[in-house]
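One structure is given here, and the rest of the page talks about it.
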Amino acid sequence: MRKLINKIKFINNRQKFLLLIGIISVYSLITIGGTYAYLYTTNTNNNTIAGNLGEAGIELTVERLIPEMDMYLVPMLDAALGNAIKGNGGVDNCIDANNNLSCEVYKIEVYNPSTTNVRLTGDITLVASGENNIYNNLKWELLDSPTDRKEVYTSNGMDTSILDENFYLESGDNKIYYIAVWLSETGVDQRNTDRGVYGGIIDFHTSKGEGVTASFGKFDEDYCTTNGITKLGDCILITEKYSETVDAAKVYISSKQADFTETAPIITYIEKKETNITGTNVTSTSNKVYAGTGYTFDTETGQYNLTNASLMTMLDAVSTSDTTYYVCNDQNNKYCTTMYVIYSATSSTSNGVTKYKATEVDKYTQNMKTQNISGKGLYMAEDDYGDSYYFRGKVDNNYVSFGGFIWRIVRINGDGSIRLIYSGTSTSDTGSATSIGTSAFNSDPYDMAMVGYKYGLSKTLQHTTATNLQYNNISANTVYYFGDDYT
């Protein structure tokens with residue numbers, strides 16, 4: 001089985017709720033306050049971690065702000081964090097006088113795009129992950145800003161600690177946190193207490209304990225093997241909520257009940273307004289734009305519809321203290337998904353072409369609100385062989401790399417076998433890129449027999465045992481059934 005695991009790599013593409021993943025290795029031997037270590041992290045600034053909470057569609061992103069590139073991380077005294085994040089006494093923020101990285105700063109944003117108000121608690125856990133990796137002195141702390149320590153602060157260790165407790169997040173609201181992470185200097189040799197790969201998990205959950213926990217990068221790859229899991233099916237189960245054992249994962253998954261009356265997310269839109277934007281790129285080379293003295297907003301499509309609209313030049317559509325004009329930057333349509341209120345505009349002519357530019361505007365766009373009522377994730381159902389587990393909803397953690405291609409796990413059957421479906425060559429593939437090839441379902445769009453399962457040679461439906469397979473020369477004497485036998 002280990003040989004199979006080496007060839008089949010389980011990919012967790014959710015990239016949710018995790019932060020602070022790094023591959024840390026001893027690089028060279030130096031002395032810093034009695035500690036001998038150089039630690040290296042491979043978590044790049046491009047790795048923005050994102051995910052959502054199943055119950056209410058809560059979205060979470062985690063972004064590393066400092067440093068901008070991968071650097072070596074060295075232990076630091078806890079008391080030095082305030083100066084380190086400001087860059088005092090060093091080369092830059094979190095970069096000491098010897099050009100060593102002493103800390104990292106992350107931005108965490110939680111957003112509620114759903115129509116449901118929720119009360120949440122967020123936790124952070126720092127852990128060592130992988131064979132021969134040991135950590136005892138990683139710490140994190142909540143900041144006032146990326147460069148400011150709180151006046152009254154609490155430094156948290158590696159055990160699960162609360163980021164924010166029992167807070168209320170209304171529909172359409174977001175909340176932003178900044179945290180610092182560092183390796184605490186102990187004053188003694190730390191080579192046997194802090195080495196290898198470390199990672200972190202963020203978990204946002206309701207009072208019922210419902211939520212989603214995920215991981216990213218090297219930590220995610222090592223999670224199963226660290227917990228003694230060598231079978232792909234078992235690995236899929238425990239990474240649904242990062243349970244410690246397969247039995248615990250099965251208990252959690254079997255406790256979830258799918259509501260089959262709801263099969264897809266509900267998507268609505270809310271208005272988003274940005275005010276007093278200067279130096280815009282709102283330009284037009286046409287003589288006219290649609291402008292109205294009012295508008296309506298469609299929450300189902302996210303479109304603005306101008307009322308009392310007419311074609312005007314951009315200069316004439318500048319709002320005044322007496323009249324406000326709402327502008328769609330299009331001379332052919334009074335409907336748009338981006339709308340402006342223009343407060344000042346200029347024009348210039350070159351080679352006989354006059355170009356208009358708005359120099360100060362209010363900008364109206366939209367935020368998508370998704371209520372994930374399909375309850376995405378793994379669910380349990382019995383089949384002829386025992387308990388099977390299937391993915392439901394808009395899941396994005398069921399990817400497998402095998403044979404040089406990407407596949408998606410559909411189901412774990414009761415006998416332990418796994419059903420896969422081809423999904424392209426990258427987890428970012430969509431549409432036709434996720435299929436091996438295409439072929440016409442029917443050759444005659446005007447023959448209703450072509451859209452049915454059974455048909456005859458004429459353009460009429462035939463209630464016979466003949467199937468379309470016969471006319472493709474698969475077999476002239478065999479009746480084929482798709483699914484169960486029919487009567």
Side-chain angles (χ1 to χ4, degrees), residues 1 4-5 8-17 51-58 203 205 208-215 220 223-224 227 229-267 370-403 405-424 427-431 434-436 481-484:
M1 187 62 197
L4 181 60
I5 291 294
I8 304 179
K9 178 183 177 184
F10 177 53
I11 300 175
N12 187 333
N13 196 47
R14 280 184 297 194
Q15 299 187 350
K16 303 184 186 97
F17 302 95
N52 53 59
L53 181 68
E55 181 176 281
I58 300 300
D203 178 32
H205 52 269
K208 300 177 183 178
E210 297 173 334
V212 178
T213 303
S215 188
D220 191 62
Y223 187 83
C224 291
N227 287 275
I229 304 300
T230 58
K231 294 182 178 180
L232 178 60
D234 290 343
C235 185
I236 295 167
L237 294 176
I238 70 168
T239 51
E240 171 68 7
K241 193 174 171 60
Y242 287 85
S243 306
E244 293 184 0
T245 65
V246 175
D247 287 340
K250 289 181 177 179
V251 169
Y252 167 72
I253 296 169
S254 62
S255 69
K256 297 162 57 179
Q257 298 296 320
D259 184 356
F260 291 103
T261 65
E262 307 288 4
T263 58
I266 295 175
I267 299 175
T370 304
Q371 187 177 5
N372 193 7
I373 57 177
S374 62
K376 71 176 184 179
L378 271 177
Y379 290 84
M380 189 271 284
E382 292 186 4
D383 63 16
D384 291 341
Y385 304 100
D387 293 339
S388 65
Y389 300 88
Y390 64 93
F391 282 98
R392 167 179 166 83
K394 190 180 178 182
V395 296
D396 47 15
N397 65 324
N398 61 339
Y399 291 87
V400 170
S401 175
F402 175 62
F405 300 100
I406 300 298
W407 309 77
R408 300 194 77 166
I409 301 166
V410 177
R411 188 184 189 102
I412 303 173
N413 300 315
D415 61 1
S417 59
I418 299 174
R419 299 185 189 182
L420 304 176
I421 187 170
Y422 177 81
S423 190
T427 55
S428 61
D429 284 349
T430 59
T434 62
S435 62
I436 296 176
Y481 302 102
F482 293 108
D484 297 331

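When a residue number appears, it is its place in the shown sequence, counting from 1.
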Discussion item. side-chain contact (heavy atoms from CB on, under 4.5 Å), that's the test. Do Ile229 and Leu237 meet it? Break it down for me.
Written reply: CA-CA 10 Å; Ile229 304 300; Leu237 294 176; over 6 Å; no

Discussion item. Between Glu240 and Lys250, does any NZ, NE, NH1 or NH2 come within less than 4.0 Å of an OD or OE carboxylate oxygen?
Written reply: no

Discussion item. In terms of relative ring orientation, are Trp407 and Tyr422 parallel, tilted or perpendicular, with 30° and 60° separating the classes?
Written reply: perpendicular

Discussion item. Before we go on, tell me: are the rings of Tyr389 and Tyr379 under 6.0 Å apart, centre to centre?
Written reply: no

Worksheet item: Looking only at heavy atoms, what is the nearest atom pair of Leu378 and Ile253, with distance?
Response: O-CG2, 3.4 Å

Fill in: More than 12 heavy atoms of other groups within 6.0 Å of Tyr385 OH
no

Worksheet entry | Distance, nearest 0.5 Å, that separates CD1 of Ile238 from NZ of Lys231 | 13.5 Å

Worksheet, complete the sentence: Nearest heavy-atom approach of Ser388 to Arg411 is OG-NH2, 2.8 Å

Response to the item:
Shortest non-hydrogen pair, Met380 vs Ser254, comes out as CE-CB, 3.8 Å

Worksheet item: Are the side chain of Asn413 and the backbone N or O of Asp415 linked by a donor-acceptor pair below 3.5 Å?
Response: no

Discussion item. In the structure I gave you, are the side-chain heavy atoms of Arg408 and Leu420 within less than 4.5 Å of one another anywhere?
Written reply: no

Worksheet entry | From CA spacing to verdict: side-chain contact (heavy atoms from CB on, under 4.5 Å), Phe391, Ile409 | CA-CA 8 Å; Phe391 282 98; Ile409 301 166; 3.8 Å; yes

Discussion item. Could you check whether atom CG of Asp384 has more than 12 heavy atoms from other residues, nucleotides or ligands sitting under 6.0 Å from it?
Written reply: no

Discussion item. So which atom in Asp429 and which in Ser423 form the shortest heavy-atom distance, rounded to 0.1 Å?
Written reply: CB-O, 3.9 Å

Discussion item. So, taking the atom named CG in Asn398 and the one named CD1 in Ile421, what distance separates them when rounded to the nearest 0.5 Å?
Written reply: 10.5 Å

Worksheet item: Out of curiosity, Leu232 CG to Ile412 CD1, how far, rounded to the nearest 0.5 Å?
Response: 7.5 Å

